[in-house]
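Please read the structure below before turning to the comments.
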Amino acid sequence: MAANELLKRLVTIFSDDDLRHPQLRGIALAQWLLESGRATSDLSTQHYNFGGLKWRKEMAGFATRIQYEAHDGVDFYCKFATIENFITGYWVFLNRSPYSGWEAHVSTPEEFIKFIGPVYAGDESYADKVIALLPEANQLLEDAVRVRAEGHQGHEDVHDANGKDLGVIVIDPGHGGTQNLPGSDANHAISVSGVKEKKLALDFSLILRDQIYARAKTGERVKVVMTRETDKNLPGRERARFAFDHKAKLFLCLHFNGNQNRSARGTETYYRAKENGNINLEEDMTFAQSVQTALFKQLKALDNNAKDRGIKPDNEGNPNLPGFGVLNDHNLGNDERRDPCRAAYIEAEFITNPSVEKLLISGPDSINNRTLAMRAVADAVLQQMRQS
């Protein structure tokens, strides 16, 4: 059965997760396939809860509590802000009674699921149902590892082989990993509920990628390249170089702001400043304004208190600032090509604001809201690609 986009995102991230017991990777995914209907259940699409995990106090810090009506009635379940949070939270969920001792049953995938399965589902046949899905889960994981090994950071969705080629966009999810590197720290802002900016940047960027493909018209070809699809960090110069290596038309970074003043909020987008040697200033400003307007209008439609902080040069307030390395024309390879790549850097919102937390991170409609926001950006991106 073909994997939907949400399932593909889950598999991609999980295939590169640093598991203490890697031999359990396939059986865990098989269980999530069963529980989520292959990432089609409301719990998975609305709350990133692929395991049907009910709320327990031990999950505080990894998930938030929501009321949800499942097949067995209304109860409190876990809502995860990102797929990465779910993966971590799943193992935390098992580290408590009645699953205590499961790590003594990890020699094989079958032993593991036969130990936790009857308790997990209250069904003696549950383990066999999960084991039946193990070959499918292993194949999904193998495919994800192979694609990553081959260096395929993006994929192309061809609506019409003879259609108009719109070109390539590189999406750069901010931060990642655990080590600070030149031009790219591992993380900056942390949300009200404790979600790291790097995880939100990846989730929003993956949604944006999928929305670009979904919103492309019949008869159009477009390719999206991601600088990262998992929790990895790359130096700023390497991120920017994707634009040259893939002959990209557009390069778009996605980040989030934070501030000790919890009332601070708003959307802003940066472009390379004239003083920093921008060789296609007008085009960059047009691109920045396009995505800024689209994102702000959608957020305003969702929350009337949304604030438009406008587009800004990357030396804002000080003409001597060197700006962002990912917007540097030399790093982007623009000094080596006749058709410079247009680049912009979105700071989508202040995740330290409680209203933004509810709107985009842990509120009941947060995943739908972020999808609507990224859909608006996708439309702006596609319009830019059609115009040149």
Side-chain angles (χ1 to χ4, degrees), residues 1-4 6-59 61-63 68 70-73 75-80 82-146 148 230-231:
M1 179 178 293
N4 60 40
L6 179 57
L7 179 55
K8 289 178 184 177
R9 300 204 303 264
L10 171 65
V11 173
T12 297
I13 293 170
F14 189 42
S15 68
D16 198 42
D17 187 66
D18 187 16
L19 232 66
R20 181 162 55 184
H21 301 291
Q23 71 274 20
L24 302 183
R25 198 182 307 272
I27 201 69
L29 179 60
Q31 185 183 17
W32 303 342
L33 291 175
L34 178 64
E35 288 286 340
S36 69
R38 294 181 175 83
T40 62
S41 69
D42 287 345
L43 265 180
S44 59
T45 60
Q46 297 174 19
H47 308 295
Y48 288 161
N49 187 338
F50 301 92
L53 304 180
K54 291 185 177 181
W55 174 258
R56 299 292 183 266
K57 65 180 186 300
E58 292 88 353
M59 299 305 291
F62 301 93
Y68 180 80
H71 67 279
D72 56 352
D75 206 337
F76 290 108
Y77 283 77
C78 293
K79 178 183 182 67
F80 297 94
T82 68
I83 292 173
E84 293 176 274
N85 280 31
F86 163 73
I87 293 170
T88 302
Y90 171 80
W91 302 106
V92 172
F93 187 85
L94 295 184
N95 285 332
R96 40 171 282 278
S97 176
Y99 306 105
S100 302
W102 67 267
E103 289 192 271
H105 301 270
V106 298
S107 59
T108 67
E110 292 81 5
E111 180 187 8
F112 166 75
I113 198 64
K114 286 180 179 179
F115 178 78
I116 71 162
V119 178
Y120 199 98
D123 177 0
E124 290 297 328
S125 66
Y126 182 79
D128 290 335
K129 295 175 184 177
V130 174
I131 292 169
L133 294 173
L134 184 56
E136 178 184 349
N138 283 335
Q139 187 62 58
L140 288 169
L141 291 165
E142 289 172 12
D143 290 345
V145 171
R146 174 182 50 78
R148 187 162 53 250
T230 59
D231 187 23

Measuring from [X]:[atom1] to [Y]:[atom2], what's the distance to the nearest 0.5 Å?
X: Leu34; Y: Glu136; atom1: CG; atom2: CD; result: 10.5 Å
X: Asn95; Y: Glu103; atom1: CG; atom2: CD; result: 6.0 Å
X: Leu24; Y: His105; atom1: CG; atom2: NE2; result: 12.5 Å
X: Cys78; Y: Arg56; atom1: SG; atom2: CZ; result: 8.5 Å

Exercise. With Phe62, which residues qualify under ring-ring contact (aromatic ring centres under 6.0 Å, His included), at least two apart?
Worked result: none
Is it the case that the side chain of [X] and the backbone of [Y] share a donor-acceptor pair, with hydrogens and angles ignored and the cut-off at 3.5 Å?
X: Asp16; Y: Asp231; answer: no
X: Asn49; Y: Leu43; answer: no
X: Gln23; Y: Ser107; answer: no
X: Lys8; Y: Ala144; answer: no
X: Thr12; Y: Arg9; answer: no
X: Ser97; Y: Ser100; answer: no
X: Ser15; Y: Val11; answer: yes
X: Asp17; Y: Ile13; answer: no

Just list the side-chain donor-acceptor pairs under 3.5 Å for residues 126-133, sequence neighbours left out, or say none.
| residue | atom | partner | partner atom | Å |
| --- | --- | --- | --- | --- |
| Tyr126 | OH | Gln31 | NE2 | 3.1 |
| Tyr126 | OH | Glu35 | OE2 | 2.6 |
| Lys129 | NZ | Asp123 | OD2 | 3.0 |

Report yes if the side chains of [X] and [Y] come closer than 4.5 Å at any heavy-atom pair, otherwise no.
X: Leu29; Y: Leu10; value: yes
X: Tyr68; Y: Asp42; value: yes
X: Met59; Y: Phe80; value: yes
X: Thr40; Y: Leu7; value: no
X: Trp91; Y: Leu19; value: yes

Indicate the atoms forming the closest heavy-atom contact of [X] with [Y], along with that distance.
X: Ser44; Y: Phe50; result: CB-CD2, 3.6 Å
X: Gly26; Y: Ala137; result: O-CB, 3.4 Å
X: Pro118; Y: Lys114; result: CD-O, 3.3 Å

Quick one: salt bridge (Lys or Arg N to Asp or Glu O under 4.0 Å) partners of [X], sequence neighbours excluded?
X: Glu110; result: none
X: Asp72; result: Lys54
X: Asp143; result: Arg146

Problem set entry | Axial cation check for Tyr99 ring with Arg96, 6.0 Å and 45° limits | no
Problem set entry | Pairs where residues 11-35 contributes a residue and the test ring-ring contact (aromatic ring centres under 6.0 Å, His included) is met, not counting sequence neighbours | Phe14-Trp32, His21-Trp102, Trp32-Phe86, Trp32-Tyr90
For this session: Apply side-chain contact (heavy atoms from CB on, under 4.5 Å) to the pair Leu6 and Ile83, showing each step before the final yes or no.
Result: CA-CA 9 Å; Leu6 179 57; Ile83 292 173; 4.1 Å; yes
